[in-house]
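Report on the structure given below.
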Amino acid sequence: MENMDDLKKELLAEVEKASDMKSLEEVRVAVLGKKGKITELMKNLGGLSVEEKKEMGKSLNILKSDVEKALDAKKEELATKELEAKLAAERIDVTLPIRPEQQGRIHPVSKIYEEVVAIFGEMGFEVAEGPDIEDQFHNFNALNMPANHPARQMQDTFYIPNPDSDDKDDSFVVRTHTSPVQIRTMENHPLPIRIIAPGRTYRSDYDATHTPMFHQVEGLVIDKTTTMAHLKGCLYDFVKAFFELDEIPVRYRPSYFPFTEPSAEMDIGCLKTKNELKIGAGTDWLEILGCGMVHPNVLRAGGIDPDEYQGFAFGMGLDRLAMLKYGIPDLRTFFESDVRWLKHYGFLPLDESSMTGGLSNNGGLAR
Ligand code: DAH
């Protein structure tokens with residue numbers, strides 16, 4: 001029988017000698033593995049007398065536990081060493097400029113999206129989302145547009161067959177506006193509500209200012225005492241921040257939307273000349289969004305009691321805002337994936353939009 005102390009010294013020395021994880025694992029297998037030294041010794045206990053077995057068993061267990069402890073400690077030491085070596089090898093100076101120069105550009109729609117989120121985020125709005133493929137309840141009915149409502153004809157809808165039903169009323173649509181997110185939010189969000197819902201929308205339309213896929217942002221505020229004055233203040237602050245102007249003339253024209261009552265369209269003051277559109281002053285008006293107080297039927301459809309709560313909503317085209325703010329004449333070019341166009345109209349990826357750091361970074365087009 002080997003001397004336990006010598007054996008312990010020998011085994012611990014082997015553990016200590018291991019210089020990396022691989023050799024440490026080899027030591028572990030050689031000592032504690034199925035055919036390891038200690039395992040073999042334990043197997044031999046069977047041939048001993050009861051007394052010897054008891055004593056030897058105990059010493060072996062202590063030895064085993066000492067070796068395990070040493071293995072664990074060594075493992076941790078090696079892991080730390082390996083991590084430190086890796087960190088040292090992968091060290092980079094994050095203050096160095098990018099090489100080669102950054103080539104990618106942020107699409108104007110993404111830029112406008114970020115700007116709108118930054119402005120409303122500052123006002124305390126959350127971003128809400130809904131699916132591109134909608135059912136007719138959320139896209140139409142719940143928004144006070146039952147089947148055969150004339151307003152449905154105003155939106156050239158793409159329908160998607162419902163595999164479970166032949167009834168046309170059950171077919172799905174690709175959402176014609178972001179307004180269905182209003183309903184989904186009312187269904188799921190605790191009151192009060194203050195959200196914007198930016199996203200893709202679809203209508204069968206194609207010319208210089210219309211594409212079958214485009215982008216809108218919806219806004220919805222619902223609380224017990226929300227009024228039209230809040231709507232006007234909120235949107236006035238928005239346009240000033242968005243066009244980065246201290247003052248901007250605005251007016252609200254009475255309008256009609258099935259989901260709001262009263263409804264209005266908001267215009268901003270501008271100057272239109274032959275070759276230029278200057279926003280913020282002048283004698284002309286430019287329509288930029290639709291808005292109104294949420295119709296009681298819409299609140300009801302969203303499960304909210306219109307006798308207790310009221311609110312306002314608004315909707316605007318993100319692409320149209322991009323065209324106006326950055327002077328891009330044809331909407332169709334937005335979606336042609338022409339790299340030269342993107343290089344001309346796109347934005348540098350590191351110029352983030354924020355209310356404190358600058359929205360468009362001084363018109364920082366990557367030109
Ligand atoms: N959904 C409307 C459209 O696509 C835009 C709109 C107008 C949304 C008025 C609103 C609103 O929430 O109040 O033309």
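Counting starts at 1 for both ligands and their atoms, in listed order.
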Next item on the list: Return the residue, atom name and 0.1 Å-rounded distance of the protein heavy atom closest to atom 12 (O) of ligand 1.
Entry: Glu218 OE2, 2.6 Å

Next item on the list: Identify the two heavy atoms, one from Ala313 and one from Thr260, that lie closest to each other, and give their separation to 0.1 Å.
Entry: CB-CG2, 4.5 Å

Notebook entry, point to check: Does any N or O atom in Ser179 lie less than 3.5 angstrom from one in ligand 1, N or O only?
Noted result: yes

Check: Near Glu308 CD, under 6.0 Å, is it more than 12 heavy atoms from other residues, nucleotides or ligands?
Finding: yes

Check: Between Asp223 and Tyr309, does any side-chain donor sit less than 3.5 Å from a side-chain acceptor?
Finding: no

Check: Where does Gln216 meet ligand 1, judged by heavy-atom distances below 4.0 Å: at the side chain, the backbone, both, or neither?
Finding: side chain

Next item on the list: Considering the heavy atoms of Thr260, write down every atom of ligand 1 situated less than 4.0 Å from one of them.
Entry: 13 (O)

Next item on the list: Give the residue and atom name of whichever protein heavy atom lies nearest to atom 2 (C) of ligand 1, and the separation in Å to one decimal.
Entry: Phe259 CZ, 3.7 Å

Check: Are Glu77 and Lys81 ion-paired here, with the side-chain N under 4.0 Å from a carboxylate O?
Finding: yes

Notebook entry, point to check: In ligand 1, which numbered atoms sit nearer than 4.0 Å to a non-hydrogen atom of Gln182?
Noted result: 12 (O)

Next item on the list: Select one of side chain, backbone, both or neither to describe which atoms of Arg203 lie under 4.0 Å from any atom of ligand 1, heavy atoms only.
Entry: side chain

Margin query: One thing to verify: whether Lys17 and Glu14 come together as a salt bridge, which I'm taking to mean a side-chain N less than 4.0 angstrom from a carboxylate O.
Written below: no

Next item on the list: For ligand 1, indicate whether the residue Phe312 contacts it via side chain, backbone, both or neither (heavy-atom separation under 4.0 Å).
Entry: neither

Item checked: Ser49 side chain to Glu52 side chain, donor-acceptor N/O pair below 3.5 angstrom -> yes

Check: Would His107 and Phe334 count as a close aromatic pair, with their ring centres under 6.0 Å?
Finding: yes

Item checked: ligand 1 atoms in contact with Ala313 (distance to a heavy atom under 4.0 Å) -> 12 (O), 13 (O)

Notebook entry, point to check: If hydrogens are left out, which of Ala197, Gly219, Gly315, Gly317 has an atom nearest to atom 5 (C) of ligand 1, that is, the closest non-hydrogen atom?
Noted result: Gly315

Note to self: Counting only heavy atoms closer than 4.0 Å, does ligand 1 sit against the backbone of Cys291, its side chain, both, or neither?
What the structure shows: backbone

Note to self: Pairing donors with acceptors under 3.5 angstrom, does anything connect the side chains of Gln182 and His138?
What the structure shows: no

Checklist line | Distance filter under 4.0 Å to Gly292 heavy atoms, resulting ligand 1 atoms | finding: 13 (O)

Margin query: At less than 4.0 angstrom from any non-hydrogen atom of Gly290, what atoms of ligand 1 do you find?
Written below: 7 (C), 9 (C), 11 (C)

Check: Centroid-to-centroid, Phe259 to His177, below 6.0 Å?
Finding: yes

